Amino acid sequence: MLPINFHPTLLRLSEREDLRETHPRSAGRPTMRGYQVALVLCSIFLYYLLHCLLWGTNVFWLPTAEIKNKNIKRCPKQPPFASLLKFPQFYPFLCAADFTKTTSKYGTSDFALPYGTRPSGIHFRWVLSKLQNCALFDEFDKVPCKRCVVVGNGGVLKNKTLGEKIDSYDVIIRMNNGPVLGHEEDVGRRTTFRLFYPESVFSDPAHNDHNSTAVFIVFKPQDLLWLLNIMKGNKINTNGFWKMPALNLIYKRYQIRILDPYIIREAAYNLLQIPKVFPKNQKPKHPTTGIIAITLAFHICSEVHLAGFKYNFNNPNSSLHYYGNATMSLMKQNAYHNVTAEQLFLTSIIEKNMVINLTED
Ligand SMILES: *[C@@H]1O[C@H](CO)[C@@H](O)[C@H](O)[C@H]1NC(C)=O
Ligand SMILES: *[C@@H]1O[C@H](CO)[C@@H](O)[C@H](O)[C@H]1NC(C)=O
Ligand SMILES: *[C@@H]1O[C@H](CO)[C@@H](O)[C@H](O)[C@H]1NC(C)=O
Ligand SMILES: *[C@@H]1O[C@H](CO)[C@@H](O)[C@H](O)[C@H]1NC(C)=O
Ligand SMILES: *[C@@H]1O[C@H](CO)[C@@H](O)[C@H](O)[C@H]1NC(C)=O
Ligand SMILES: *[C@@H]1O[C@H](CO)[C@@H](O)[C@H](O)[C@H]1NC(C)=O
């Protein structure tokens with residue numbers, strides 16, 4: 001609002017100066033008034049600028065490019081899972097330009113991490129200001145109705161030679177440190193998005209596919225400080241992580257996006273229907289990265305297929321992942337996740353034909 005009013009006023013001032021030149025006798029007073037008006041306008045403008053900087057709202061001349069990036073092509077046909085979502089068109093990444101507006105519009109600023117931005121709003125804004133953009137797809141992207149595959153890390157992918165099939169999708173979503181290198185036959189080569197957090201990210205740069213976008217999931221306040229310090233080249237404080245976090249980041253700034261915590265809230269409360277309050281003697285449960293990845297896919301795809309989503313609890317000797325030697329016996333009933341609720345959810349979306357299970361026998 002203000003900037004639009006601001007420019008015409010400036011114009012009027014200069015018009016008045018033109019007038020002064022043609023009427024030299026009345027020069028003195030209008031010039032004084034001109035200065036006063038300019039001073040008042042300047043003060044209002046500076047106040048507005050400070051306000052914007054402090055609250056992280058859009059300062060009109062800055063990130064228009066970022067806003068433009070949010071104009072993605074929408075698929076005209078309704079996807080089969082649209083009924084599950086509260087806001088199917090929700091933009092899944094945070095942008096510096098409209099952080100305050102978006103997080104307040106969807107109530108995200110009222111929820112605590114990992115479902116909202118509290119108490120870390122200022123750290124979110126710091127990190128966002130360090131990133132290069134918040135685009136979802138390449139600006140040359142021409143596919144409005146995207147076929148997507150979400151590749152879980154389950155041992156069920158071993159020896160299924162699904163690699164070529166997986167590579168044929170428009171969008172390929174992978175997670176954590178599930179490698180492509182050395183497993184191309186089974187899991188393919190391409191990666192569009194890779195979801196990660198400090199305890200789960202690769203540290204060997206050989207695993208960085210420069211064509212992929214790395215999507216940061218913020219579970220706790222330390223995660224943002226980790227990213228911020230790593231980008232600034234500061235020492236990493238490793239306290240407060242459930243496992244040693246990576247001490248370097250293989251991804252470049254242009255590759256990094258921050259997942260809007262709303263996506264995690266949607267996964268927990270809408271899709272899995274995890275309770276909002278837990279008794280004092282229980283750890284609150286949160287969705288796994290796999291379910292978060294599927295929720296992300298639901299917001300950007302018109303078709304979603306799944307591969308590698310299976311826990312084989314019947315055989316403790318079966319492989320937990322398609323890589324490494326971990327077996328199911330290592331997979332304790334995780335205190336932070338409700339695997340039963342997740343399995344029920346997956347079965348139900350497969351049965352309702354909302355998604356397709358690629359690793360079906
Ligand atoms: C996959 O194939 C390899 C080589 O053929 C074999 O050694 C391995 O046991 C197989 N793994 C599974 C899970 O079937
Ligand atoms: C990345 O994109 C370039 C250009 O499209 C392509 O030549 C290259 O093979 C891609 N790399 C991977 C790992 O997909
Ligand atoms: C798992 O492996 C152990 C040791 O190799 C063996 O004794 C056990 O029978 C196996 N269990 C199953 C279900 O295959
Ligand atoms: C898995 O086991 C094999 C053979 O026991 C070993 O050579 C390899 O290093 C192990 N891999 C990992 C990731 O631990
Ligand atoms: C996990 O989810 C299932 C199904 O919603 C529910 O019955 C069970 O009580 C939950 N378990 C825990 C520990 O929250
Ligand atoms: C996909 O199909 C396989 C084979 O039938 C099954 O074992 C697996 O549990 C299914 N995945 C899910 C998420 O239900």
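Read the numbers this way: they start at 1 and go in the same order the structure lists the ligands and their atoms. In this text the structure is predicted, and so the values were computed from the model without any measurement.
Distances from atom 4 (C) of ligand 3 to the protein include no heavy-atom value under 4.0 Å. Per-atom contact check: atom 11 (N) of ligand 5 touches the protein, criterion being a heavy-atom distance below 4.0 Å.
At the top of the distance list for atom 9 (O) of ligand 5, counting protein heavy atoms only, stands Asn338 ND2, 4.8 Å. The shortest contact between atom 13 (C) of ligand 3 and any protein heavy atom is with Asn315 OD1, 3.4 Å.
Phe216 has its side chain out of reach of Val201: every pair of non-hydrogen atoms, C-beta onward, lies at least 4.5 Å apart.
Within ligand 5, counting atoms from 1 as listed, the ones closer than 4.0 Å to a heavy atom of Lys285 are 13 (C). The distance from ligand 6 to the heavy atoms of Asn357 drops below 4.0 Å at these ligand atoms: 1 (C), 2 (O), 3 (C), 8 (C), 10 (C), 11 (N), 12 (C). Ligand-side atoms of ligand 6 in range of Phe309: 11 (N), 12 (C), 13 (C), range being under 4.0 angstrom from any heavy atom. Listed by number with element, the atoms of ligand 6 under 4.0 angstrom from any heavy atom of Thr359 are 2 (O), 3 (C), 4 (C).
Taking the ring centroids of Phe196 and Tyr251, they lie under the 6.0 Å cut-off. Residues Phe219 and His286 keep their aromatic ring centres 6.0 Å or farther apart.
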Given side-chain hydrogen bond (donor to acceptor under 3.5 Å, both in side chains), test Thr359 with Asn357 step by step and report yes or no. CA-CA 6 Å; Thr359 28; Asn357 178 7; 3.2 Å; yes
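Here the side chain of Glu342 pairs a donor or acceptor atom with the backbone of Thr288 at under 3.5 angstrom. The backbone N or O of Ile356 sits nowhere less than 3.5 Å from a side-chain atom of Glu303 that would complete a donor-acceptor pair.
The residue Gln273 has no part lying near ligand 5, judged by heavy-atom distances below 4.0 Å.
At least one N or O atom of Asn317, backbone or side chain, sits closer than 3.5 Å to an N or O atom of ligand 3.
Between atom 7 (O) of ligand 6 and the options Gln343, Lys310, Glu342, the minimum heavy-atom separation is to Lys310. The residue among Leu344, Ile350, Leu346 with a heavy atom at the shortest distance from atom 14 (O) of ligand 6 is Ile350.
Looking at Asn133 and Arg257, their side chains do bring a donor and an acceptor atom within 3.5 Å of each other.
A cation-pi arrangement is absent between Lys285 and Tyr336, since the terminal nitrogen or guanidinium carbon is not both under 6.0 Å from the aromatic centre and inside a 45° cone about the axis.
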